[in-house]
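These figures come from a predicted structure and were not determined experimentally. Throughout, a chain's letter reflects where its sequence line sits, starting with A, and its residues are numbered from 1.
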Protein chains: 2
Amino acid sequence: MPRGNCQGQGWWHGKFRGCGYRLTTGREAILDLLSKSEGHLSAEDIYIKVHPRYPNVGLTTIYRTLDVLSNLGMVYKFDFGDGRARYELAEGPRGAHHHHHLVCTGCNRVIDYADFIDEEIELLQQTEKGLGKKYNFRINNHVIQFYGLCDKCNGKK
Amino acid sequence: MPRGNCQGQGWWHGKFRGCGYRLTTGREAILDLLSKSEGHLSAEDIYIKVHPRYPNVGLTTIYRTLDVLSNLGMVYKFDFGDGRARYELAEGPRGAHHHHHLVCTGCNRVIDYADFIDEEIELLQQTEKGLGKKYNFRINNHVIQFYGLCDKCNGKK
DNA sequence: TTGTTATTGAAAACCATTTCCATTAATAAG
DNA sequence: CTTATTAATGGAAATGGTTTTCAATAACAA
Ligand SMILES: [Mn+2]
Ligand SMILES: [Mn+2]
Ligand SMILES: [Zn+2]
Ligand SMILES: [Zn+2]
């Protein structure tokens, strides 16, 4: 039962099984929620949404599942500086929904943006290639975040 | 005694006083250590280095000072995914030492890199301008991190 | 020197996340 | 459809980085 990198195709039923993971109610519920939710959910956010419909899915399982999904590359884990991890469905490493983040240090609002993404991606690929060679580093992910104040937080005091 | 953004010039004696902060032994010790240390120190790292010479500087003060320095923009606070915040002297918002990070998810090693920085900075400035206008966002910082496996962690298993 | 008050250290609280462990259930074998 | 194996689970407890509390201290303006 292989457990390592299983960057296959298709949707998660196959992906999960192919990696030797069992397909449980909790995992399905969490993936289901993630796939139909917008935004950047914390483990507790997910718990609060999943628990009413599946009362026998505990917070511990949320954490464990998110960890598995993150290792499989199906979910991205972010730190936006508000003291808890936040998660977002990946939908393919370089897939259609790839975007970066604008984080307000005033109110913790996070804006997804995809403007300039093409130029950013191109530069990133160059950089990845160069750095990978120079430092003998196998890059498989990146994070770009801009920090500042959103319009609402700009005008206060 | 003003407290807000004090992005003045010069070194920290003046900067601190100009922002209404008192210049204390602890703060000087912490800044002193940061300025002569390489790498990405956690609060505890700093405590361990500072405490022997200044036994009356507690961990709480380390945290509080790092928070002040971070708010003043004199120190950058990072999350590299190892469960603790790490800090690094800024030396000017776009100063000579600006660099980005390569983070090994295997052993948590962090490599500073400044290759390709010129192209990155140019793109970032364009992006900042565009995003700032589009989302009415006052950007004053950014984080770029590449995640992957370093040479040592590549060859294991 | 003196008064004001920002800063401090130690201990306790906080709280997101992890660990423990006995129980349950997904899966494969028969 | 059994049955056996063992991954997965959840609730409680532990963990550990960071923050809060509060009385004592010290920086600095006057
Ligand atoms: Mn996003
Ligand atoms: Mn660095
Ligand atoms: Zn805001
Ligand atoms: Zn490594």
Side-chain angles (χ1 to χ4, degrees), chain A residues 1-4 6 12-31 40-48 50-72 75 77-87 108, chain B residues 1-4 6 12-31 40-48 50-72 75 77-87 108:
Chain A
M1 294 154 178
R3 266 300 166 81
C6 282
W12 42 276
H13 284 84
K15 197 160 193 170
F16 246 78
R17 302 288 283 278
C19 293
Y21 290 104
R22 294 182 180 175
L23 209 39
T24 66
T25 315
R27 287 172 173 174
E28 288 203 276
I30 293 167
L31 270 167
H40 314 91
L41 285 66
S42 67
E44 197 188 1
D45 289 340
I46 296 170
Y47 178 74
I48 288 172
V50 164
H51 195 255
R53 195 186 304 267
Y54 303 87
N56 44 353
V57 171
L59 185 54
T60 309
T61 291
I62 310 274
Y63 276 108
R64 280 188 287 228
T65 299
L66 288 170
D67 200 47
V68 169
L69 294 175
S70 180
N71 287 333
L72 288 178
V75 151
K77 179 180 183 180
F78 291 103
D79 168 55
F80 294 130
D82 65 340
R84 70 205 62 199
R86 297 197 167 267
Y87 302 84
N108 288 319
Chain B
M1 293 152 180
R3 266 298 166 81
C6 282
W12 43 278
H13 285 83
K15 197 160 192 167
F16 247 77
R17 303 288 284 279
C19 293
Y21 289 104
R22 294 181 181 175
L23 210 40
T24 65
T25 316
R27 288 173 173 172
E28 288 204 277
I30 293 167
L31 270 167
H40 314 91
L41 285 66
S42 68
E44 196 187 2
D45 289 340
I46 296 171
Y47 178 73
I48 288 172
V50 164
H51 195 255
R53 195 184 305 265
Y54 303 87
N56 44 352
V57 171
L59 185 55
T60 311
T61 291
I62 310 273
Y63 276 108
R64 281 190 285 228
T65 299
L66 288 170
D67 201 46
V68 168
L69 293 175
S70 182
N71 287 333
L72 288 178
V75 151
K77 179 180 182 179
F78 291 102
D79 168 55
F80 295 129
D82 65 340
R84 69 204 63 196
R86 297 196 168 268
Y87 302 84
N108 288 319

Q: Give the nucleotide from the list C/dT17, C/dT8, D/dG11 with an atom nearest to the side chain of A/Ala85.
A: C/dT17

Q | Set of salt bridge (Lys or Arg N to Asp or Glu O under 4.0 Å) partners for A/Asp79, sequence neighbours left out | A | none

(Q) If I take atom CD1 in residue A/Ile46 and atom C1' in nucleotide C/dT17, what distance separates them, rounded to the nearest angstrom? (A) 14 Å

**Q.** d(CZ, B/Arg86; C1', D/dG17) in whole Å
**A.** 12 Å

Q. Does B/Arg64 have any salt bridge (Lys or Arg N to Asp or Glu O under 4.0 Å) partners at least two apart in sequence or in another chain, and if so, which?
A. none

Q. Is any side-chain N or O of B/Arg27 closer than 4.0 Å to OP1 or OP2 of C/dT7?
A. yes

Q | Between P of D/dG11 and CZ of A/Arg64, the distance in whole Å | A | 11 Å

Q. For the side chain of B/Leu23, counting heavy atoms from C-beta on, which of C/dC20, C/dT17, D/dC28 is nearest?
A. D/dC28

Q: With rounding to the nearest 0.5 Å, note down the distance linking CD1 in A/Ile62 to CG in A/Asp67.
A: 13.0 Å

Q. How many Å lie between NZ on A/Lys77 and C1' on C/dT17, as a whole number?
A. 9 Å

(Q) If the cut-off is 4.0 Å, is A/Tyr63 near the phosphate of C/dT17, judged by side-chain N/O to OP1 or OP2? (A) yes

**Q.** Listed partners of B/Tyr54 passing ring pair (Phe, Tyr, Trp, His ring centres under 6.0 Å), at least two apart
**A.** none

**Q.** Interatomic distance, A/Asp82 CG vs C/dC14 P [rounded to whole Å]
**A.** 20 Å

Q: Using a 4.0 Å heavy-atom cut-off across all strands, classify A/Gly83 as base, sugar-phosphate, or nothing.
A: sugar-phosphate

Q.
Below the 4.0 Å mark, does D/dT19 have OP1 or OP2 next to a side-chain nitrogen or oxygen of B/Thr60?
A. no

Using the 3.5 Å cut-off, write out each protein N or O paired with an N or O of nucleotides 2-5 of chain C and the distance between them.
| residue | atom | partner | partner atom | Å |
| --- | --- | --- | --- | --- |
| C/dT5 | O2 | B/Arg22 | NH1 | 3.3 |

Q) In whole Å, what is the span from the NE2 atom of B/His13 to the P atom of D/dA27? A) 13 Å

Q. Looking at D/dA8, C/dA16, D/dA27, which one has an atom nearest to any side-chain atom of B/Thr25?
A. D/dA27

(Q) I'd like to check the ring pair (Phe, Tyr, Trp, His ring centres under 6.0 Å) partners of A/Tyr47; sequence neighbours left out, ordered by chain and number. (A) A/His51

Q.
Nearest whole Å is fine: how far is D/dA26 C1' from B/Phe16 CZ?
A. 16 Å

Q.
How long is the straight-line distance from NZ of A/Lys15 back to CG of A/Leu69, given to the nearest 0.5 Å?
A. 9.5 Å

Q. For B/Arg17 and D/dA27, is the shortest distance between a side-chain N/O and OP1 or OP2 below 4.0 Å?
A. no

(Q) If you assign B/Ala43 and A/Tyr54 each to the DNA chain D nucleotide with the nearest heavy atom, which residue ends up on the more 5' nucleotide? (A) A/Tyr54

Q: Would you mind reading off the distance between B/Asp67 atom CG and C/dT8 atom P, rounded to a whole angstrom?
A: 12 Å

Q. Residues two or more places apart in sequence or in another chain: which of them pass ring pair (Phe, Tyr, Trp, His ring centres under 6.0 Å) with B/Phe80?
A. B/His40, B/Phe78, B/His101

